[in-house]
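One structure, pasted below without further comment.
Only heavy atoms go into these numbers, but all of them, side chains included; no hydrogens, no water, no symmetry mates.
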Amino acid sequence: MELSGCVAFVTGAKRGIGASIVEALIAAGASRVYAGMRRPSPAEPGARVIPVELDVTNPAQIARAAQDCPDVTVLVNNAGLSLGQPLLGTRDLAAAEREMRVNYFGTLEMCRAFAPVLVKNGGALVNVLSILSRTNMPLAGSYSASKAAAFSLTQAVRSELSDKGVLVVGVMPGFVDTDMTKGIDAPKVSSTLVAESVMRALRHGVEDVYPGPAAEIAQEISRDYKAVERQFGQIRR
């Protein structure tokens, strides 16, 4: 799709991957980017980035965002939560539910709210997932499970929108150098690289995006899934 002149809405836009995607959209010529965040700063007069108060676990805020932003042509569901907890040996019994509320149900509600807008305007829906949606890292077992659910959601939404002129993109990076991955002993890519991969996918209509080394992991999953499962099972802080 043509990014110059597009109108985008990015969740989790205050920092990390979300902030980099906002910057990349502006650099690509977006006429307006709504930057969803829980605690937004006031918008600067004439600015192309418009902060929007949005907690993706708040249905009223999601509904208001869809109502107030009827010109959106690109929705980027980036907001995510990782509490770094295993499934059995967790210190926080509520971690799995909290991650699912943000990473799965929050993404689902955003898709539902903005699907009519995207169908009307034409455009694209981007879900920022993780390579952990394709394999589980027990160190963050409940996060991985929530991203696997969001991966399946992305496939279903793509099917439902396939005949309505909306491109649905799933982005599955490996470890990205953000606050979320502090303390994980593994190679990391920059959030800028992820954002650039998203821009290329939108321009060329690519549905499944594996930025950086994630592409090799995806290939290995296809060749020898059990080997990847063992590899991620050994990752430690």
With V76, the side-chain contact (heavy atoms from CB on, under 4.5 Å) member among V126, V169, L125
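Of the listed options, the one satisfying the test is V126.
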If I compare all heavy atoms of V117 with all of A113, which pair ends up nearest, and what's the gap?
CG2-O, 4.4 Å
Donor-acceptor under 3.5 Å (R32 side chain, V49 main chain)
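Here the side-chain-to-backbone pair does not exist.
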Please check if any side-chain donor atom of T90 sits under 3.5 Å from a side-chain acceptor atom of D92, or the reverse.
no
Just to verify, which of E97, E99, R98 counts as forming a side-chain contact (heavy atoms from CB on, under 4.5 Å) with R101?
E97
Inter-residue atom distance N78.CG - K14.NZ, 0.5 Å rounding
14.5 Å
For Q155, I'd like to know if atom CD has over 12 heavy atoms of other residues, nucleotides or ligands within 6.0 Å.
yes
Is a side-chain N or O of N121 found less than 3.5 angstrom from the main chain of T73, in a donor-acceptor match?
no
Please check: side-chain N/O of S144 versus main-chain N/O of A140, any donor-acceptor pairing under 3.5 Å?
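Side chain of S144 to backbone of A140: a pair is present.
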Any donor-acceptor pair under 3.5 Å linking the side-chain atoms of R134 with those of Y210?
yes
State plainly whether one hydrophobic cluster holds both M1 and V22, where clusters connect Ile, Leu, Val, Met, Phe, Trp and Tyr through side-chain heavy atoms under 4.5 angstrom apart.
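The answer is yes; both residues are in one hydrophobic cluster.
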Closest non-hydrogen atom pair, N136 against G141:
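Minimum heavy-atom separation between N136 and G141: ND2-O, 3.2 Å.
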Contact between I221 and I217 at the side-chain level, heavy atoms closer than 4.5 Å - yes or no?
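In short, these two side chains touch, coming nearer than 4.5 Å.
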Run the numbers on E53 and R38 for salt bridge (charged side-chain N to carboxylate O under 4.0 Å, His left out), then give the verdict.
CA-CA 5 Å; E53 183 178 11; R38 287 180 294 173; over 6 Å; no
Between D71 and K120, is a salt bridge (charged side-chain N to carboxylate O under 4.0 Å, His left out) present by the stated rule, with each step listed?
CA-CA 9 Å; D71 51 350; K120 178 182 177 181; over 6 Å; no
Write down the atom of L25, the atom of C6, and the distance for their closest heavy-atom approach.
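In this case the closest contact between L25 and C6 is CD2-SG, 4.4 Å.
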Under 3.5 Å, is there a donor-acceptor pair between the E229 and T135 side chains?
no
Hits for salt bridge (charged side-chain N to carboxylate O under 4.0 Å, His left out) against R91, two or more places apart or cross-chain, chain-then-number order -> none
